[in-house]
Amino acid sequence: MGKKVVIVGGVAGGASAAARMRRLDEKAEIVMFERGEYISFANCGLPYYVGGIIPKRKSLLVQTPESLFRRFNIDVRTRSEVRRILRAEKQVEVMDLRKGEMYRESYDFLVLSPGATPIVPDIPGIDLPNVFSVRNVPDSDLVKRYIEEEKPDTAVVIGGGYVGLEMADVLYQSGVEVSVVEGAPQVMGALDPEMAAIVHHYLRRQGIGLYLGERAAALEGSYRVEKVVLESGRVVPADMVVLATGVKPEVWLAEEAGLALGSTGGILVDEYLRTSDPFIYAVGDAIQVKDFVTGRDVLVPLAGPANRQGRLAADNIAGRNVRYKGAQGTAIVKVIDLVVAVTGNNEKNLRKLGWDYLVCHTHPAPHATYYPGGTQMTAKLLFTPEEGKVLGAQIVGYEGVDKRIDVLATAIRAGMTVFDLQDLELAYAPPFSSAKDPVNMLGYTAANIIQKDVEVVYWDEVPRMVADGAFLLDVRTPREVETGAVENAYNIPVDDIRDRLEEIPRDREVLAYCQVGIRSYIANRILRQQGFRVKNISGGYKSYQGFKEAGVYRERS
């Protein structure tokens, strides 16, 4: 008889562990407990099911108890909640929710995959019937039915993270007037402020209401929510409310069993995903892991890492001794047509940790500019000052964002530098990319900074430098300047600079910008070799708009 492996919880981590365990050990006895009806569903697809983009509910059901039994010979017990772990006896106490009966099940190894629970704010009206969460299939059924039957005119999404923005997208596409309430000054905390500002501008342009730095104080209405009252006193009409205020690891079962918890509140595991009990492993949203780049303790409630962890837990139970090397938080979200993607660390995290880093911004087209279509994306790269090791990246745009963030995520995992990004040989044809792919361009831009071919400053530094006497030089065309310019900037198009050097003061530091940073880089090279003290403003006028929208840039006369 092989090992007996009991798995608590399905979805990404638990189901992956069960299937991998069977592939490695045909003789193992595998029992999986799930307190809900569904053992393995695509929870990342729930918003798209609500919005009708995924028309068939069954498409979300990755595996059923029957399919897992037929293919993998796994004993799956739904509507069965594990209430207690008896570590000394190596048993679990299980409540059969259908029969209302408690029984015990023994194990040789136990895998905990309890996931995370929604954070529900404690405010008046939170229990009214038209207040929804979207965490599982039954939740999604309720939201979908309400939209179809009640046809709400207005909706408020509380929370501006991934799920909140996806639900705002779904409601918007359903013809509902949507507002997003977010307690932080920006949506998507994984973005830095100037990148989030691009998202804010887009959402407002689509007619989505944004209430940033605001918290809901009460949900008011007679029999159901009719309005959301914010702490500021502002009132937002709402025929329905969707809670997307984040999640917290579900650890009560592990905590009651005396398993160690980490500093983040997640279940503490070692690099082999073992808990403080060598016969108990834990995976998924409930566990504390190491950040791949910085080594700090983090919670990463994402499906990709959970799947990988489930597989590795099974490997280790089977004796393969495979280390989990950490998570880097690679994620992507689509909001109407806008795509937002991140990987690795942002400036906020690196500053908090006291790390030295450099930044560059670029605004590349997704494919050859002469090929029809395509809209510029905005990319931000963070890297170490000396060797140029890639620490993180953020991209906001439309077409082509997904493949660039995946290349950069791979570069981080491989420990690559910005010099390696220059050398990447990526697929090129005019409909798909340029001969210098946007990833290559990030590498070139970052390498120029490290090699001191150009000195850069960022828009949040510019007002102080101008107040101290710096000369602000706009090297765009006059027509571009007419559409918008930075206050007190002096305009000389880059192609005219050699003939107009006398207009640029030699006794002042020169700060040059263009639309995206390329022409001002050329201006920098010309002026430096003419003896001027000159710096390039990263990302050009497009980045200025993001910094100004974020409130980071404050102009001074």
Any donor-acceptor pair under 3.5 Å from [X] side chain to [Y] backbone:
| X | Y | result |
| --- | --- | --- |
| Asp169 | Leu165 | no |
| Lys380 | Glu194 | no |
| Gln376 | Thr378 | no |
| Lys348 | Leu350 | no |
| His363 | Gly539 | yes |
| Asn316 | Leu312 | yes |
| Arg404 | Pro366 | yes |
| Asn536 | Ser538 | no |

Where do [X] and [Y] come nearest, in terms of heavy atoms and distance?
| X | Y | value |
| --- | --- | --- |
| Leu24 | Ala314 | CD1-O, 3.9 Å |
| Ala331 | Tyr162 | CB-OH, 3.3 Å |
| Ile405 | Ala393 | CD1-O, 4.0 Å |
| Val342 | Ala190 | CG2-CB, 4.0 Å |
| Glu387 | Thr384 | CG-OG1, 3.5 Å |
| Leu391 | Trp355 | CD2-CZ3, 3.8 Å |

Within 6.0 Å of [atom1] in [X], more than 12 heavy atoms from elsewhere:
| X | atom1 | value |
| --- | --- | --- |
| Arg413 | CZ | yes |
| Phe432 | CZ | no |
| Ile518 | CD1 | no |
| Lys325 | NZ | no |
| Lys403 | NZ | yes |
| Glu425 | CD | no |

How far apart are the C-alpha atoms of Gln328 and Thr343, what are their side-chain angles, what is the distance that settles it, and do they pass the side chain to side chain donor-acceptor pair (under 3.5 Å) test?
-> CA-CA 6 Å; Gln328 61 196 71; Thr343 187; 3.1 Å; yes
Please test Asn345 against Asp291 for side chain to side chain donor-acceptor pair (under 3.5 Å), starting from the C-alpha separation and ending with a verdict.
-> CA-CA 9 Å; Asn345 275 252; Asp291 181 285; 3.2 Å; yes
Given the rule in the side chain to side chain donor-acceptor pair (under 3.5 Å) test, do His361 and Thr445 qualify, once you have shown the distances and angles that lead to the verdict?
-> CA-CA 8 Å; His361 298 81; Thr445 304; over 6 Å; no
Going by atom types alone, do [X] and [Y] pair a side-chain donor with an acceptor below 3.5 Å?
| X | Y | value |
| --- | --- | --- |
| Tyr281 | Gln309 | no |
| Ser433 | His367 | no |
| Gln394 | Asp192 | yes |
| Ser232 | Glu214 | yes |
| Glu182 | Tyr211 | no |

Would you indicate whether the side-chain heavy atoms of [Y] and [X] approach each other to under 4.5 Å?
| X | Y | answer |
| --- | --- | --- |
| Val456 | Val359 | no |
| Ile147 | Leu171 | yes |
| Lys290 | Asp297 | yes |

Taking the six-membered ring for Trp, are Tyr513 and Trp459 parallel (under 30°), tilted (30 to 60°) or perpendicular (over 60°)?
-> perpendicular
The side chain to side chain contact (heavy atoms under 4.5 Å, CB included) partners of Thr275 (sequence neighbours excluded) come to Leu259, Ile267, Val269, Asp277, Ile280, Ala282
Start with the C-alpha gap between Thr264 and Gln288, add the side-chain angles, then the distance that decides, and say whether side chain to side chain donor-acceptor pair (under 3.5 Å) holds.
-> CA-CA 7 Å; Thr264 62; Gln288 174 177 293; 2.8 Å; yes
Is Arg323 close enough and on-axis enough to Tyr272, meaning under 6.0 Å and within 45°, for cation-pi?
-> no
Test: Lys389 cationic atom under 6.0 Å from Phe383 six-membered ring centre, within 45° of axis | no
Quick one: do Lys452 and Glu386 make a salt bridge, cutoff under 4.0 Å?
-> no
Spatial distance of atom CE (Met416) from atom CD (Gln422) [nearest 0.5 Å] = 11.0 Å
